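Keep in mind that the numbers below use all heavy atoms, side chains included, and drop hydrogens, waters and symmetry copies. Remember, it's a predicted structure, so these values are computed and weren't measured experimentally.
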Amino acid sequence: MDLRAKLEERVSKEGKPYVAIIVRITDTYEKLIFLDKAELELLKLTYGNSQKIKISNPQQ
């Protein structure tokens, strides 16, 4: 099964930015997978520095 997913930077209700993987299960439902610092660093190691990792901003 293929699912649509994006790496997004969002802002919490408290105003703190965070990065999560957003999996679109259907057109009306999404699942947020929160990344801790170690997981984000592993992505950077795998795909290069943070400029090479495309992080979407949902406000754009």
**Q** Taking only residues two or more places apart in sequence or in another chain, which ones pass salt bridge (charged side-chain N to carboxylate O under 4.0 Å, His left out) with Glu39?
**A**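 Expected list: none.
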**Q** Is the shortest distance from a Lys or Arg side-chain nitrogen in Glu8 or Arg24 to a carboxylate oxygen in the other one below 4.0 Å?
**A**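 Salt bridge flag = no for Arg24 with Glu8.
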**Q** Which residues pass the salt bridge (charged side-chain N to carboxylate O under 4.0 Å, His left out) test with Asp36, not counting sequence neighbours?
**A**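 Scan of Asp36 (salt bridge (charged side-chain N to carboxylate O under 4.0 Å, His left out), adjacent residues dropped) gives none.
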**Q** Would you say that Leu32 contacts Glu30 through its side chain, given a criterion of any heavy-atom pair below 4.5 Å between the two side chains?
**A**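 Counting from C-beta outward, Leu32 and Glu30 do come under 4.5 Å.
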**Q** If you apply the rule side chain to side chain contact (heavy atoms under 4.5 Å, CB included), what do you find for Ile22 with Arg10, and how did you get there?
**A** CA-CA 10 Å; Ile22 313 302; Arg10 293 188 172 184; 3.8 Å; yes
**Q** For Thr28, which residues count as a side-chain contact (heavy atoms from CB on, under 4.5 Å) partner, sequence neighbours excluded?
**A**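 side-chain contact (heavy atoms from CB on, under 4.5 Å) list for Thr28, sorted by chain: Thr26.
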**Q** Residues in side-chain contact (heavy atoms from CB on, under 4.5 Å) with Ile33, at least two apart?
**A**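 In terms of side-chain contact (heavy atoms from CB on, under 4.5 Å), with neighbours along the sequence ignored, Ile33 is linked to Ile21, Val23, Lys31.
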**Q** Mind checking what makes ring-ring contact (aromatic ring centres under 6.0 Å, His included) contact with Phe34, not counting sequence neighbours?
**A**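 ring-ring contact (aromatic ring centres under 6.0 Å, His included) check on Phe34 returns Tyr18.
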**Q** Spell out, yes or no, whether Leu43 and Val19 are grouped together once hydrophobic residues are joined by side-chain heavy atoms under 4.5 Å, including indirect joins.
**A**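 As far as the 4.5 Å side-chain criterion goes, Val19 and Leu43 are connected within one cluster.
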**Q** Quick check for you: to the nearest 0.5 Å, what is the distance between Thr46 atom OG1 and Glu41 atom CD?
**A**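 So the gap between those two atoms works out to 11.0 Å.
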